[in-house]
2 protein chains.
Amino acid sequence: VKHREIAKAKAVAAGVNSERLWRSLEDLGSVGATEAGGVCRLAYSPAYRQGRDLFVSWCRDAGLSVSTDGIGNIFARRQGRNPQAPSIMLGSHLDSQPSGGRYDGAYGVLAGLEVARRLNDLGMDTEFPIEIVSWANEEGARFDRPLLGSSVFCGRTPLSSALALKAIGGESIEQELNDDLVWRAMPRRQESLPHAYLELHIEQGPVLEAAAVPIGIVTGTLAVRWYDVIVAGEEAHAGPTPMLARRDAMMGAAELILEARDAANRFAPHGRATVGQCMLSPGSRNVVPGEVRLSLDLRHEDEAHLDAIEESVREAGRLMNRRGLHVQISEAWRMDACKFDSALRGHLITATSQNGLAFVELPSGAGHDAVSLSTIVPTAMIFVPCLGGISHNPAESITQQQAETGADILFRTVVELAT
Amino acid sequence: VKHREIAKAKAVAAGVNSERLWRSLEDLGSVGATEAGGVCRLAYSPAYRQGRDLFVSWCRDAGLSVSTDGIGNIFARRQGRNPQAPSIMLGSHLDSQPSGGRYDGAYGVLAGLEVARRLNDLGMDTEFPIEIVSWANEEGARFDRPLLGSSVFCGRTPLSSALALKAIGGESIEQELNDDLVWRAMPRRQESLPHAYLELHIEQGPVLEAAAVPIGIVTGTLAVRWYDVIVAGEEAHAGPTPMLARRDAMMGAAELILEARDAANRFAPHGRATVGQCMLSPGSRNVVPGEVRLSLDLRHEDEAHLDAIEESVREAGRLMNRRGLHVQISEAWRMDACKFDSALRGHLITATSQNGLAFVELPSGAGHDAVSLSTIVPTAMIFVPCLGGISHNPAESITQQQAETGADILFRTVVELAT
């Protein structure tokens, strides 16, 4: 025991191999590279498979045993002293948006690999197995169901319905996998629940950069509600119709949009209101719109506050009804808020403090595979800042130092949990 | 002279033949009739030619001499005692919007014909010739240049460029006219300026109906300015980006839209602001729009007031620039305000009063062929109410009584001017 404690202390002090991690990110970033400097590795595509194959070859070189499952998630296991013990699972995803960046997902997967490689360097064994995971189709860009691989793994989406999903081009995931000889040849993962799941990811937002801290400890994810809003007024000619005689759907929509913004601002900093789509009918320059359809995306980490934001918008709609505009607000989709495991978050905070680093606790505004995992095992996430908060964009960028800092926290926490 | 005075008094007292006018409107309304109850007589189309041919046959039956010109305007002349005298010109147009109504344009042409028929009934001659005109391509629906025939007539558009205009399908007006054997066989109008131009039209707006008056005396037309507005912000993810970190182009656009409305309202009742088009980029439900492009249509009868409305919008845009949104407002098109002839308007007011009718004076918010004519000869317009102010729509509707009342004013005024 004494011997292990010394090894552990040495390992933790050493941290990860920053050069190796960065080189792996560079090498993987060249697979599916776009002219704009980003990557296009759409789920199940040839570029995606090529990236996966590179990752698998690195895993095998590191002595990890690679397996897969029915939806194409990839697991790379570093055995523990107790082979029956549940694994400490680390990972993210290797697929990208069509015009994606080099770090979204890839960073979490390769940092997991670096943790295993570093344990190898140090000749260090762990009590619990370590399992690096690359989740299939996290982005939902080609097959329109984000977090798909992790949802299937966690029993939230039936495998059969996931396999039946079709891309725009028409192929189903099942067809793609049937054509994937590498996947077909892989052994299937033995079904077992991991002990815990940790995901390291770029923030994809501006908070850490603005706060000038290198680490974010993610408290959970914001609740999301999507609405389809229809503002119906009366089509009229722009010229002959005096302002007071109009029932102008666009003016009503503009008021509603600003009310949503103001309501989200009243519940700062975690309230969000976004109108990303707005369609005017008939859409003619000199015709007062008779109807406006818009999308509304409201978010907050606290469901009660989100209720209040929603109610503000609905009340504004009701007031417009009295003014001759008919406003219809229908919920199109919702995702409940998710709270990450407080004990695991405590481990991350301890590791960050032990490394002498500043951090902030913040909710994630975007969904991650960790949300799926949190429904079945203790889960937590670490964020590192990315340049300008820009993501899903070829301009997505982090520094080698930022990549190393996040991986160091992951490494220290895994050593703490697994040994 | 005494004899003529008596005949004139009798004629004026008799008014038009309401049944005949209404039957003509019904008959013409069956040409190009749509299932929805409106008409589709796109300029130069087979349905349009059929309607024109019907009108021409009625003119010939009424003893009028029909001529045309290079762009296909149709003139039907009732000779005066003084054949050298310039004509009193009355008219409007027979083309329609694709989903147009039965009265827009047709009413003014057939009321002109009814004036001539009524003079025939009464065996009444006039000093000045009376000329009924049907202007070509007023709507600009198939060939995208409204008021085309009257613009060519008034020398505001060169004939050659008008003939070269192409429809969506690809045919030019020149090709359409070359295929039009009826038009080719018609004599060309002798070039001469009319003495005055009068146009009777449905209001296409709600003012007369709301004021419950049967007649509107049109003061002129509103100045119109069209702008292309671009609000540029920064694309960002709806989830991870706190409200304060956003440069949300849609929120800026919504503020600008409401500022335009408020500015138009400050110059009521003749200020107008309309946003008929609004396009968000990238147009995704969970992405904060990085750019919004919108159309802005501002109108006022007073150019100085319109300047002030425009300046309010520009100032709002400049304030947004300081908040990180870049607003660009470019003028896309403008039409100056037009003032109709005050002496002619006086004649219309006198005729209305002599018929014991209430009226309001109001500007026209829409363009009419009278705007073209006002640039070369004294011009005025009469409006009658239409149901709900609805036009450019199959539901466009007026009553026989309303049609008769307007035609009576036209008739009385023509008798006054021409005899």
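Throughout, protein chains are lettered first and strands after them, A, B, ... in sequence-line order, and every chain is numbered starting at 1. None of the values given here were measured: they were computed from a predicted structure.
Under 4.0 Å is where a charged nitrogen must lie from a carboxylate oxygen, and between B:D228 and A:R285 at least one such pair does.
Contacts with chain A were tallied for B:A238, B:A366, B:G205; B:A238 has the most, counting heavy-atom pairs under 4.5 Å. Across B:M279, B:Q204, B:H270, the residue that shares the most heavy-atom pairs under 4.5 angstrom with chain A is B:Q204. Ranked by non-hydrogen atom pairs under 4.5 Å with chain A, the options B:Q277, B:R272, B:H392 are led by B:R272. Interface remark: of the candidates A:G239, A:A268, A:S364, A:A273, A:G239 forms the most heavy-atom pairs closer than 4.5 Å to chain B. Ranking B:A260, B:P282, B:A249, B:G276 against chain A, the residue ahead of the rest is B:G276, based on heavy-atom pairs under 4.5 Å. By number of non-hydrogen pairs under 4.5 angstrom with chain A, the leading residue of B:P242, B:G388, B:P289 is B:P242.
Separating the SG atom in A:C278 from the CG atom in B:L294 is a distance of 9.5 Å, to the nearest 0.5 Å. Atom CG of A:L280 and atom OG of B:S295 lie 8.0 Å apart (nearest 0.5 Å).
If you measure heavy-atom distances from A:A332 to chain B, the contacts under 4.5 Å come from the side chain alone. With a 4.5 Å cut-off on non-hydrogen atoms, A:I257 touches chain B through its backbone and its side chain both. Residue contact with chain B, scored on non-hydrogen atoms closer than 4.5 Å, involves the backbone of A:Y227 exclusively.
Inter-residue side-chain proximity for B:P206 and A:T241 is flagged as met; some heavy-atom pair is nearer than 4.5 Å. When side chains are defined from C-beta on, B:R261 counts as touching A:E255, because their heavy atoms get closer than 4.5 Å. Two residues are said to be in side-chain contact when any heavy atoms from C-beta on lie closer than 4.5 Å; B:R299 and A:N286 meet this criterion.
Across B:M243 and A:A264, no two heavy atoms sit closer than the pair CE-CB, 4.0 Å.
Of the listed residues (B:V275, B:L258, B:T274), just one forms a side-chain contact (heavy atoms from CB on, under 4.5 Å) with A:M250, and that residue is B:V275.
Shown here are the salt bridge (Lys or Arg N to Asp or Glu O under 4.0 Å) partners of B:E259, two or more places apart in sequence or in another chain: B:R266.
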